[in-house]
Amino acid sequence: MISYLDPRLWLLLIALAGASYWCGDYRRGKVDAVACNGRMDKADNDALKKLNAANERYREAERAGQATFNNLTQANLKEKNDAKTQLDILRGKLRDGAERLSIRVAPDTNSGSSAGAVTDAGNQQARAYLLPADAEAVLDIAADADDVVRDLNSCVDKYSAAMIFTDYSSGSSSISLKLPIRPPAGVIATP
């Protein structure tokens, strides 16, 4: 029979207690590590879902912005083509003599009549008709200036659209259009 005072029995009990503590602590640590890894995986998946959703919102805003820019460019090209058509019609009328271009001139007070000047009775403003070649040169200058103004207006429209889409993509709930210049007096700027 084994006595309770036998040191071998006590050593065996101490060894079993130590082994059970080590196994239990190791297993609990392993379970905690698995649980922690599971929570980390869930957090990573949630963050990845949020990132993908934010990327998709950005792509949608980018597509909408690109579509707006394309529409503005098409509208500008259509406006230019319409103006070119109108200008070509006017040039044809000038060449045929159906239309004449006149400019204001100072009345000739030294002689009784001015060659080429037209004045109405009671109107002190004299006008002179331009030659068709000169009228066409004036139309070319005016057409170039109109094209520049159309391009500038298109640029301002694109800038305004970019400001709006920039405000959308930053997550701002309010849209504020910031005008780069102050409008002239008497002009009401509407965002």
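Rounded to the nearest 0.5 angstrom, Thr68 OG1 and Asp157 CG are separated by 11.0 Å. To the nearest 0.5 Å, the span separating NZ on Lys158 from SG on Cys155 amounts to 8.0 Å. Within the model, atoms CG of Asp46 and CG of Leu51 stand 12.5 Å from one another, a figure rounded to the nearest 0.5 Å. Arg63 contributes atom CZ, which lies 7.5 Å from atom CZ of Arg59 (distance to the nearest 0.5 angstrom). Note that CG of Leu90 is 9.5 Å distant from CD of Glu136, once rounded to the nearest 0.5 Å. Between the CG atom of Asp146 and the NZ atom of Lys84 there is a distance of 14.0 Å, given to the nearest 0.5 Å.
A donor-acceptor pair under 3.5 Å is absent between the side-chain atoms of Ser154 and the main chain of Arg150, judged by distance alone.
Proximity of Thr85 to Ile89: side-chain heavy atoms (C-beta onward) are separated by under 4.5 Å at one or more points. Between Asn76 and Leu72, the closest side-chain pair of non-hydrogen atoms is not below 4.5 Å. Under the 4.5 Å side-chain criterion, counting only non-hydrogen atoms from C-beta, Lys80 is in contact with Asp151.
With no hydrogens or angles considered, no side-chain donor-acceptor pair links Gln74 and Asn70 at under 3.5 Å.
Nearest heavy-atom pair across Arg91 and Leu139 is CG-CD1, 4.0 Å. Across all their heavy atoms, Arg100 and Tyr129 have their closest contact at NH2-CE1, 2.6 Å. The two atoms that bring Leu87 and Ala143 nearest to each other are CD2-CB, 3.1 Å, heavy atoms only. The nearest pair of heavy atoms linking Leu94 to Glu99 is CD2-O, 3.3 Å.
Among residues two or more places apart in sequence or in another chain, the side chain to side chain contact (heavy atoms under 4.5 Å, CB included) test is passed with Leu12 by Leu16.
The residues Asp82 and Lys78 are annotated as salt-bridged, a charged nitrogen and a carboxylate oxygen being separated by less than 4.0 angstrom.
Applying the 6.0 Å contact sphere to CD of Glu60 captures more than 12 heavy atoms from other residues, nucleotides or ligands.
Taken together through direct or relayed side-chain contacts under 4.5 Å among Ile, Leu, Val, Met, Phe, Trp and Tyr, Val105 and Leu131 form parts of separate hydrophobic clusters.
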